[in-house]
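Only one structure is covered here, and it is reproduced in the block below.
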Amino acid sequence: MSTHSRQALVMIRTNLSSLPRRLAISTSMILSVALVVCVLAGFLAMAKGFETALNGAGSPAVAVILGGGTNQETGSDIPASVIRTLDAMTGDLGVTRNADGQLVASREIVVPVDVKQTTDGAARTLALRGMDAVGPSIRDRIELSAGRFFAPGAREIVVGDRLANEFGLAVGDVIRLGAVDWTVAGHFSAQGSAFESEMWADLEAVRAAFDRQGQVQSLKLRLTDPVTLKLLQDKVTTITGTPLVVLSEADLYAAQSGRTASLIRLFGWPLALLMAVGATAGALNTMMSSVTDRTVEIATVRALGFGRLSAFLGTWVEAIVLAGAGGVLGLFASWAIFNGWQASTIGANNTSMAFQLAVTPDVLVTSGLLGLAIGILGGALPAFAATRLPLTAALRARG
Amino acid sequence: MTENIAPYIALSGVRRAYRIGGEMISIFSGLDLTIPQGDFVAVMGPSGSGKSTLLNMLAGIDSPDSGTLRIGTSRLDQMGEAARAAWRAHNMGIVFQFYNLLPMLSVAENVELPLLLKPLSRKERRIRVDKVLDLVGLAGRAKQYPALMSGGQQQRIGIARAIVSDPGLLLCDEPTGDLDRKSADEVLEMLRFLNRHLQKTIVMVTHDPQAALYARRTLHLDKGDFVEEKRAA
Ligand SMILES: Nc1ncnc2c1ncn2[C@@H]1O[C@H](COP(=O)(O)OP(=O)(O)OP(=O)(O)O)[C@@H](O)[C@H]1O
Ligand SMILES: [Mg+2]
């Protein structure tokens, strides 16, 4: 070990072991860093959880056709003529056909419905999706977890596991949506994705109950392979009369999650950074008083021949250690508080979507680094001040 | 007298002034001083006469505004801050009035501090620390913490720290100023021993005429200049 690192090490050690003398102010620095880290981690976990929920919803092997020049289901409209034209198309469209050679397609509409929560009685707007009977099977990762799927034409719904949980909807329950009563036929799981925040029913039953005769908002088709999306897009562009958009289900949800997640981050980052500036000022103050507290010790070893670097590092490392401790505390708190926390927001189709906050490793790393940065920046100036202590004045003081 | 011996410490024309409340107060305006190797000098004088300032300049902690300051073959007045720190580490030991021990470190660790500046192995450092602790009569206290020890014992730790790297020069600023008579005499006895038997050159600032009697000669500092006290050897 070089004499320089030995000097630095002994300074760091004496410094850290003198921390109990500055317990109160050091603790306040740890807590303020912890708060900043916890807040940032909370926002990032929210954005991450939102993305996870929506990204999980979309499969690259499912094609979505939207009409009317929009690229989301809300406001989309597909005229019946388009569906007839598609049905009539022969040759390879890049999508699966049944044994009779007919397209396997699900015509769908989404209706926002108000449902009362069992806990507090407040109404929340949820998505009721009307679909053809093949709808569930076209999608990836959908499994029936209780009961059965809805029967054609019946006023029956299957409910996502998350909703079923949250609203206490058991199989066999009757629930009023719009003007009519619906029976819960089953529950389905979608591996925690956004679909679990939806209720699914037969297309004709939804059309009839909400006076949407003949309406189709989107068409879902099963691609033979994710790469055949291009082929389908080429075929669909030959259909004239109305602007149509063909995209994969994965892209549809990614676009939506991207917007909302960015919004959450756009709100979270400035708030966290503003708090971080405050915490950095606090760290600066804490470390300045640490230097004052250690003046005689620093001056003494400098008088013995220790270099300025050891005075700098001793102080700087103290700041980084305190910030690190705050960071760890903040991360632990954020993980304990936020991870798995249920939240809901306005998701797709202007209906409420539930998701879980996800305190993932990259959330931890990002927020932890912000905490460390507070120590690195807030400690640098006091560390520099420690190297500039006037030795004669310092040594006049009683040791 | 000592004029026939080659001077070890030589100050000539040293000026030093401090700015106090916007006014420049001159402490030294052309100080000349020589101290031969192996001397033990007591520096006395009224408070504020510049005793500590002189000692700090000798230690390279403070530096003259002008004039030359030579110790051995080194021109301290021409060295930068880092060079003076390195010079201190190798050539002198300092004993403080208030001991200036680090409370978080054990006795042995306090004494070891100056050795960390030298390329010595852990084992070599331990051997040296044990040796000086033995010399100051504190063998067996190595693992204790200084705060629990008496003033006299703490100052002996301070002396052990000052001599552990075997410097030729010892600078002591009121080393007994905070001690009772008995402890003071023990410490002074030790300094005399270091001067007589280990050939350390010692410059000691003191207010105590009894302490000055342990030195080979006494210099009185007054109004920025020295008057040597004549006394029978
Ligand atoms: N770093 C400094 N800044 C400003 N003034 C100083 C500084 N160091 C010393 N002085 C002034 O220089 C003068 C001499 O101080 P010094 O400490 O050398 O005196 P001293 O002889 O050691 O006194 P004492 O017996 O009280 O220790 C004093 O007036 C003091 O106020
Ligand atoms: Mg003094």
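Order of the sequence lines fixes the chain letters, A, B, ..., with proteins taken first and strands second; residue numbering starts at 1 for each chain. The basis for the numbers below is simple: all heavy atoms, side chains too, and nothing from hydrogens, waters or symmetry mates.
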(message) Is it the case that over 12 heavy atoms from other parts of the model lie below 6.0 angstrom from the NE2 atom of H4(A)?
(response) no
(request) Give, as side chain, backbone, both or neither, the part of E112(B) having an atom under 4.5 angstrom from any heavy atom of chain A. (result) neither
(message) What residues of residues 11-41 of chain A make heavy-atom contacts with chain B at a cutoff under 4.5 angstrom?
(response) R13(A), T14(A), S17(A), S18(A), R21(A)
(message) With a 4.0 Å cut-off on N to O distance, would you call E81(B) and R302(A) a salt bridge?
(response) yes
(message) Strictly less than 4.5 Å between heavy atoms, which residues of residues 154-176 of chain B line up against chain A? Please order them by number.
(response) R161(B)
(message) Between D208(B) and R181(B), does any NZ, NE, NH1 or NH2 come within less than 4.0 Å of an OD or OE carboxylate oxygen?
(response) yes
(message) Regarding T315(A) and E318(A), do their side chains bring together a donor and an acceptor under 3.5 Å, going by distance alone?
(response) no
(request) Mind running salt bridge (Lys or Arg N to Asp or Glu O under 4.0 Å) on E186(B) and K182(B) for me, showing each step along the way? (result) CA-CA 6 Å; E186(B) 278 170 20; K182(B) 185 169 164 292; 3.2 Å; yes
(request) Can you check whether anything in residues 44-69 of chain B gets within less than 4.5 Å of chain A, heavy-atom wise, and list it by number? (result) N56(B), I61(B), D62(B)
(request) Go through the side-chain N and O atoms of S2(A) and S5(A) and say whether any donor and acceptor fall under 3.5 Å apart. (result) yes
(message) To check you understand the geometry: which heavy-atom pair defines the closest contact between F306(A) and A85(B), and what is its length?
(response) O-CB, 4.3 Å
(message) For F267(A) and F43(A): C-alpha separation, side-chain torsions, deciding distance, then whether ring-ring contact (aromatic ring centres under 6.0 Å, His included) applies.
(response) CA-CA 8 Å; F267(A) 185 69; F43(A) 277 107; 5.6 Å; yes
(request) Can you check whether anything in residues 88-97 of chain B gets within less than 4.5 Å of chain A, heavy-atom wise, and list it by number? (result) R88(B), A89(B), I94(B), F96(B)
